[in-house]
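Scroll down for the structure; my scribbles are underneath it.
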Amino acid sequence: MYKGKTFIISGPSGVGKSTVLKELFQDRDDLYFSVSATTRAPRPGEEHGVHYYFITKDEFKTNIENHAMLEYAEYCDNFYGTPKKFVDVAMEQGKDVVLDIEVQGALQVVHKRPDVVRIFIAPPSWQGLSNLVLDVQPGNEKVQKRLVRAKVELQTANTYDYFVINDTVERAVREINAIMLAEHCKPAERMAILSE
Ligand code: 5GP
């Protein structure tokens with residue numbers, strides 16, 4: 001059986017990643033979305049085990065100590081991390097795994113698994129991003145923190161393997177699908193299939 005690949009999708013808060021990912025996952029049982037653990041509180045509509053595993057700081061610490069996290073990072077006063085086991089199981093089943101994680105965590109995964117593919121999703125403009133973030137959380141001081149963080153993240157984008165501009169969801173999804181397909185056409189993978 002063929003092993004799946006891991007794709008990291010990063011991009012500033014408010015860039016519309018969740019909408020793009022929701023569309024990407026329509027009718028795709030060959031793709032696995034890695035549900036992260038976080039210490040932040042659920043937002044309205046978010047479900048435990050679907051959007052995140054919402055856990056306490058102590059539980060998060062225990063996971064780190066047990067080496068259960070593929071990566072983790074602190075982001076705007078909360079911890080976020082990828083449970084390793086589910087990623088490995090999905091890949092063994094031949095599924096491609098998508099990690100929606102920020103840039104520090106992405107770097108940790110690259111060091112552990114250099115064959116991971118990193119895709120950066122950017123907003124069409126800085127003003128567009130500010131409006132998006134403000135739309136989600138108007139008048140919230142946390143918004144400023146996220147915007148500062150977004151600026152820092154945009155500066156790391158050129159270290160990624162691919163850069164997708166989210167001007168329309170359809171286009172962003174089309175580009176991500178094209179990237180995934182191209183990555184499966186690399187000689188190492190194709191020649192392994194031939195030799196089988
Ligand atoms: P939010 O609080 O808006 O859901 O997510 C904030 C940021 O944390 C986003 O950039 C998201 O990609 C990132 N994030 C979500 N899960 C993880 C994770 O498991 N690890 C890391 N490093 N970042 C994550």
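Keep in mind that the numbers below use all heavy atoms, side chains included, and drop hydrogens, waters and symmetry copies. Each ligand, and each atom within it, is numbered from 1 in the order the structure gives. Positions are given from 1, in the same order as the sequence printed here.
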Worksheet item: Would you say ligand 1 has an N or O under 3.5 Å from any N or O of E102?
Response: yes

**Asked** Counting N and O atoms only, with roles assigned by atom type, does the side chain of Q93 sit under 3.5 Å from a partner on the main chain of K95, one being a donor and the other an acceptor?
**Response** no

Practice prompt. Report the relative orientation of the aromatic rings in Y72 and F79; use parallel for angles under 30°, tilted for 30 to 60°, perpendicular for over 60°.
Written response: tilted

Between the NZ atom in K17 and the CD1 atom in I119, the distance rounded to the nearest 0.5 Å is 12.5 Å

In terms of its nearest heavy atom to atom 1 (P) of ligand 1, the top option of F79, Y52, Y75 is Y52

Within 4.0 Å of some non-hydrogen atom of A73, the atoms of ligand 1 are 22 (N)

So the atoms of ligand 1 within less than 4.0 Å of a heavy atom of S36 turn out to be 16 (N), 17 (C), 18 (C), 19 (O)

Closest to atom 20 (N) of ligand 1 among protein heavy atoms sits E71 OE2, 2.7 Å

When distances are taken from atom 14 (N) of ligand 1, the protein heavy atom at minimum range is D100 O, 3.6 Å

Hits for ring pair (Phe, Tyr, Trp, His ring centres under 6.0 Å) against Y160, two or more places apart or cross-chain, chain-then-number order -> F120

- Item | A37 N/O to ligand 1 N/O under 3.5 Å | no

Contact region, E153 to ligand 1, non-hydrogen atoms below 4.0 Å, reads neither

Near G81 (heavy-atom distance under 4.0 Å), the atoms of ligand 1 are 18 (C), 19 (O), 20 (N)

Those residues at least two apart in sequence (or on a different chain) that pass side-chain contact (heavy atoms from CB on, under 4.5 Å) with K151 are W126

More than 12 heavy atoms from other groups under 6.0 Å of CZ on R40 = yes

Subject >> Heavy-atom gap K17 to ligand 1 smaller than 4.0 Å >> reply: yes

For R40, the ligand 1 atoms with a heavy-atom partner under 4.0 Å come out as 1 (P), 2 (O), 4 (O)

Practice item. Give a yes/no on ligand 1: does R43 have at least one heavy atom closer than 4.0 angstrom to it? Key: yes

**Asked** Using 30° and 60° as the class limits, which term best fits the ring planes of F54 and H48: parallel, tilted or perpendicular?
**Response** tilted

What's the verdict on side chain to side chain donor-acceptor pair (under 3.5 Å) for E153 and Q155, showing C-alpha distance, side-chain angles and the deciding distance? CA-CA 5 Å; E153 295 210 330; Q155 281 157 10; over 6 Å; no

Taking a cutoff of less than 4.0 Å between a non-hydrogen atom of the residue and any ligand atom, is R146 in contact with ligand 1? yes

If you compare Y80, Y72, Y53 by their heavy atoms, the one closest to atom 8 (O) of ligand 1 turns out to be Y80

So CZ of R174 and CG of L24: to nearest 0.5 Å the spacing works out to 13.5 Å

